[in-house]
Amino acid sequence: MLEIGVIRENRDGVLAGLSKKNVSPDQLELIDKIILEDDKRKSTQTSLDNLLSKINKISDEIGSLFKSGKIDDANAMKQTVAALKEESRILESSLKDSKDVLEEMIIQLPNLPHSSVPVGKKAEDNEIFKAWDGPMPALVKGALPHWELAEKYNLISFKDGVTLTGSGFPVYKGKGARLQRALISFFLDEAVNAGYLEVQPPLMVNKESARATGQLPDKEGQMYHCEKDEFYLIPTAEVPLTNLYRDTILQKSDFPIKMTGYTPCFRREAGSYGSDVKGLNRLHQFDKVELVRIEHPDHSYDVLMEMVKHVEGLLQKLELPYRILRLCGGDMSFNSALTFDFETWSAAQERWLEVSSVSNFETFQSNRMKLRFRDDDGKTRLAHTLNGSALALARIVATLLENHQTSEGINIPAALRPYTGFDTI
RNA sequence: GGAAGAGUGGCAGAGCUGGUUGAUUGCACCGGUCUUGAAAACCGGCGUACCUGAGAGGGUACCGGGGGUUCGAAUCCCUCCUCUUCCGCCA
């Protein structure tokens with residue numbers, strides 16, 4: 001959520017930023033409406049405070065009158081307060097209305113893009129931040145896409161998943177299951193070695209958590225919802241990990257905060273279809289190791305690059321061809337100020353698959369969740385939050401199987417062998 | 001799931017027969033005096049958010065969340081959440 005102070009003080013800058021994110025003209029018009037409503041909110045607050053102050057004073061006087069036995073005088077003053085009280089009720093409800101209207105408007109605005117974000121509307125407009133300059137995998141004749149490899153080597157059963165639950169819930173078996181476990185352990189170990197605290201959070205969160213990281217109300221339809229208990233299945237570990245610091249005031253010495261967590265992720269993926277959802281490309285449940293950072297605003301962009309390096313290291317160790325994109329304004333998520341996407345080349349599918357997204361949210365999430373730190377001057381300021389996948393399993397498994405297939409079988413990258421316990425599938 | 005008790009400032013812990021209580025006190029923390037330095041002792045400071053003001057400052061709200069009673073509530077009532085103990089059930 002954008003800060004109201006920023007909107008007020010830097011109206012033109014906010015408009016320019018939103019334009020870069022290609023928001024609709026309706027949303028641009030919101031800016032002036034927001035400023036107007038906030039003016040109203042302020043003046044209502046002032047009137048209400050003055051009135052309440054008056055009521056408080058009279059109430060004190062009534063107290064003293066009762067004590068000194070002047071019951072009649074006290075009762076007379078009660079009449080005065082009753083009238084003021086009625087007035088304050090009106091102001092109170094007007095103030096609440098203003099706040100609700102403001103919140104509803106502001107929450108519709110996406111985060112402002114960082115100055116380095118390229119102008120553009122679609123995925124084609126993304127900037128190739130780092131292209132792949134190594135050799136592309138030379139696939140054997142008759143190379144198969146991962147869903148056929150999964151069947152051929154009996155690694156994954158999509159059919160069994162349909163029996164148990166539905167499409168998008170694969171069942172991993174034998175070496176397929178072991179590969180999952182190996183990747184999770186490998187990613188977690190890499191993160192822990194890089195100084196991240198391993199966290200195992202709940203897989204369901206309450207409404208407040210989902211709202212704080214920005215999933216609600218924006219992605220309501222994308223989350224599985226347990227209505228009876230008002231819980232949401234997490235779409236990413238970002239939600240519980242970041243919410244660990246909801247409504248917190250940190251000391252500067254608490255930085256850096258580095259957390260990692262493995263969780264299954266649940267996404268309804270309403271509206272997806274076609275080749276996008278084939279095999280492991282898009283699932284309702286998949287495993288992911290996530291990195292979350294909470295940082296001082298002065299350092300968050302250095303941290304972002306550090307995270308990019310970390311993810312890059314993982315892909316190198318898995319011996320996968322990859323490229324890094326800097327997302328353009330139109331392709332970025334609602335919450336992000338700057339996002340780097342990682343894609344690996346799926347030779348058998350002849351397409352790039354997104355396997356990681358690393359973002360700086362600046363104060364967009366921390367403003368919602370009141371995540372602050374005490375700065376040198378003693379004042380509280382909003383911290384910056386960042387996160388990135390390191391990595392998402394399903395698509396990594398897909399490219400791993402496809403790119404490392406040979407006529408004899410599928411080779412396991414050396415870095416992973418201690419975890420799998422086997423060299424080939 | 002049933003019964004009882006409890007949720008107060010960073011922590012501990014008063015207040016809870018309604019009225020200078022944003023809240024006693026202790027610890028922690030910050031500044032100062034003292035000291036070669038530290039400790040101890042003493043003095044002072046020490047919540048968050050919003051409104052207002054150039055600033056100094058002034059005001060409002062907040063004692064788990066929400067609502068109610070009252071001129072006035074941390075204190076009374078309702079409701080939800082959480083914790084503790086006992087009973088029941090169970091991986």
Side-chain angles (χ1 to χ4, degrees), chain A residues 1-9 34-107 200-212 216 226-232 240 243-255 257 294 363 365-383:
Chain A
M1 191 161 74
L2 293 181
E3 297 167 68
I4 182 71
V6 171
I7 295 173
R8 292 187 72 99
E9 282 157 35
I34 286 168
I35 294 173
L36 223 59
E37 189 64 39
D38 194 48
D39 288 340
K40 190 175 152 197
R41 185 200 116 247
K42 281 174 182 238
S43 73
T44 309
Q45 179 85 58
T46 306
S47 312
L48 178 63
D49 283 356
N50 290 338
L51 193 58
L52 289 177
S53 174
K54 208 186 283 182
I55 292 174
N56 284 343
K57 277 205 189 81
I58 298 176
S59 294
D60 282 350
E61 286 173 34
I62 292 175
S64 328
L65 287 175
F66 270 120
K67 271 187 177 165
S68 54
K70 297 174 182 166
I71 311 292
D72 291 343
D73 291 354
N75 283 329
M77 285 184 94
K78 280 192 192 181
Q79 302 296 318
T80 324
V81 177
L84 295 177
K85 192 76 184 170
E86 192 51 41
E87 207 179 316
S88 81
R89 282 213 174 89
I90 293 166
L91 283 173
E92 247 166 48
S93 91
S94 158
L95 182 65
K96 189 180 181 304
D97 287 349
S98 270
K99 282 181 174 171
D100 289 349
V101 168
L102 262 178
E103 164 105 4
E104 200 198 316
M105 287 195 285
I106 296 175
I107 215 153
Q200 206 172 96
L203 306 181
M204 293 185 185
V205 294
N206 56 32
K207 212 168 194 163
E208 293 71 42
S209 294
R211 194 179 167 80
L216 288 179
C226 307
E227 287 186 14
K228 194 156 188 179
D229 296 293
E230 271 295 319
F231 291 153
Y232 292 85
N243 268 281
L244 247 18
Y245 287 86
R246 193 170 79 213
D247 203 12
T248 299
I249 300 176
L250 299 164
Q251 299 305 315
K252 267 181 89 174
S253 56
D254 293 330
F255 296 128
I257 290 171
I294 296 167
T363 60
Q365 292 182 325
S366 57
N367 187 34
R368 277 196 188 193
M369 68 172 76
K370 301 286 166 261
L371 198 187
R372 298 94 91 208
F373 68 97
R374 201 173 300 286
D375 214 346
D376 293 329
D377 56 5
K379 293 218 172 90
T380 58
R381 289 178 64 195
L382 295 171

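Keep in mind it's a predicted model, so treat the numbers as computed, not measured. Residue numbering restarts at 1 for every chain, and letters A, B, ... go by the order of the sequence lines.
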- Message: Using salt bridge (charged side-chain N to carboxylate O under 4.0 Å, His left out), reason through A:Asp60 and A:Lys57 one step at a time and then give a plain yes or no.
- Response: CA-CA 5 Å; A:Asp60 282 350; A:Lys57 277 205 189 81; over 6 Å; no

My understanding is that a pair needs two contacts under 3.5 Å, Watson-Crick or G-U wobble. By that rule, which nucleotide pairs with [N]?
{"N": "B:A49", "answer": "B:U60"}
{"N": "B:A6", "answer": "B:U82"}
{"N": "B:U69", "answer": "none"}
{"N": "B:C42", "answer": "B:G32"}

- Task: Look at the side chain of A:Asp375 and the backbone N and O of A:Thr380, then say whether any donor-acceptor pair between them is shorter than 3.5 Å.
- Result: no

Using the [atom1] atoms only, state how far [M] lies from [N], rounded to an integer number of Å.
{"N": "B:U69", "M": "B:G10", "atom1": "C1'", "answer": "35 Å"}
{"N": "B:G15", "M": "B:G68", "atom1": "P", "answer": "29 Å"}
{"N": "B:G26", "M": "B:C81", "atom1": "C1'", "answer": "31 Å"}
{"N": "B:C78", "M": "B:U24", "atom1": "P", "answer": "29 Å"}
{"N": "B:U79", "M": "B:U60", "atom1": "P", "answer": "33 Å"}
{"N": "B:U48", "M": "B:G44", "atom1": "C1'", "answer": "23 Å"}
{"N": "B:A91", "M": "B:C80", "atom1": "C1'", "answer": "29 Å"}
{"N": "B:C34", "M": "B:U17", "atom1": "C1'", "answer": "49 Å"}

- Rounded to the nearest 0.5 Å, the CD1 atom of A:Ile249 sits from the CZ atom of A:Arg374 at a distance of 5.0 Å

Sugar-phosphate, base or nothing in reach of [X], heavy atoms under 4.0 Å:
{"X": "A:Ser43", "result": "nothing"}
{"X": "A:Ile62", "result": "base"}
{"X": "A:Lys370", "result": "nothing"}

- Take A:Met105 and A:Asp100 through the test side chain to side chain contact (heavy atoms under 4.5 Å, CB included) and record every step on the way to the result. CA-CA 9 Å; A:Met105 287 195 285; A:Asp100 289 349; over 6 Å; no

Would you please confirm or rule out a distance under 4.0 Å between OP1 or OP2 of [N] and any side-chain N or O of [X]?
{"X": "A:Asn56", "N": "B:G19", "answer": "no"}
{"X": "A:Lys57", "N": "B:C71", "answer": "no"}
{"X": "A:Thr80", "N": "B:C71", "answer": "no"}
{"X": "A:Arg41", "N": "B:C51", "answer": "yes"}
{"X": "A:Arg372", "N": "B:U48", "answer": "no"}

- Message: Which is more 5' along RNA chain B, the nucleotide nearest A:Lys54 or the one nearest A:Ala82? Just name the residue.
- Response: A:Lys54

Take the protein atom [atom1] of [X] and the nucleotide atom [atom2] of [N], then report the distance between them rounded to whole Å.
{"X": "A:Lys99", "N": "B:U60", "atom1": "NZ", "atom2": "C1'", "result": "10 Å"}
{"X": "A:Lys96", "N": "B:G67", "atom1": "NZ", "atom2": "C1'", "result": "12 Å"}
{"X": "A:Arg211", "N": "B:G65", "atom1": "CZ", "atom2": "C1'", "result": "15 Å"}
{"X": "A:Asn367", "N": "B:C50", "atom1": "CG", "atom2": "P", "result": "10 Å"}
{"X": "A:Leu48", "N": "B:G58", "atom1": "CG", "atom2": "C1'", "result": "16 Å"}
{"X": "A:Leu84", "N": "B:G72", "atom1": "CG", "atom2": "P", "result": "11 Å"}
{"X": "A:Asn50", "N": "B:U60", "atom1": "CG", "atom2": "P", "result": "9 Å"}
{"X": "A:Arg374", "N": "B:A49", "atom1": "CZ", "atom2": "C1'", "result": "13 Å"}

Closest to side chain of [X], choosing from [options]:
{"X": "A:Val81", "options": "B:U60, B:U69, B:C71", "result": "B:C71"}
{"X": "A:Thr380", "options": "B:U48, B:C51, B:G72", "result": "B:U48"}
{"X": "A:Arg89", "options": "B:U48, B:U69, B:U52", "result": "B:U69"}
{"X": "A:Lys85", "options": "B:U60, B:G72, B:U48", "result": "B:G72"}

- Minimum-distance pair of heavy atoms, taken over all atoms of A:Ser94 and A:Thr44: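 Closest heavy-atom pair between A:Ser94 and A:Thr44: OG-CG2, 3.7 Å.
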
- Should A:Lys40 and A:Asp97 count as an ion pair when the cut-off is N to O under 4.0 Å? no

- Please check if any side-chain donor atom of A:Arg246 sits under 3.5 Å from a side-chain acceptor atom of A:Ser209, or the reverse.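 Note: A:Arg246 and A:Ser209 side chains meet the donor-acceptor criterion.
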
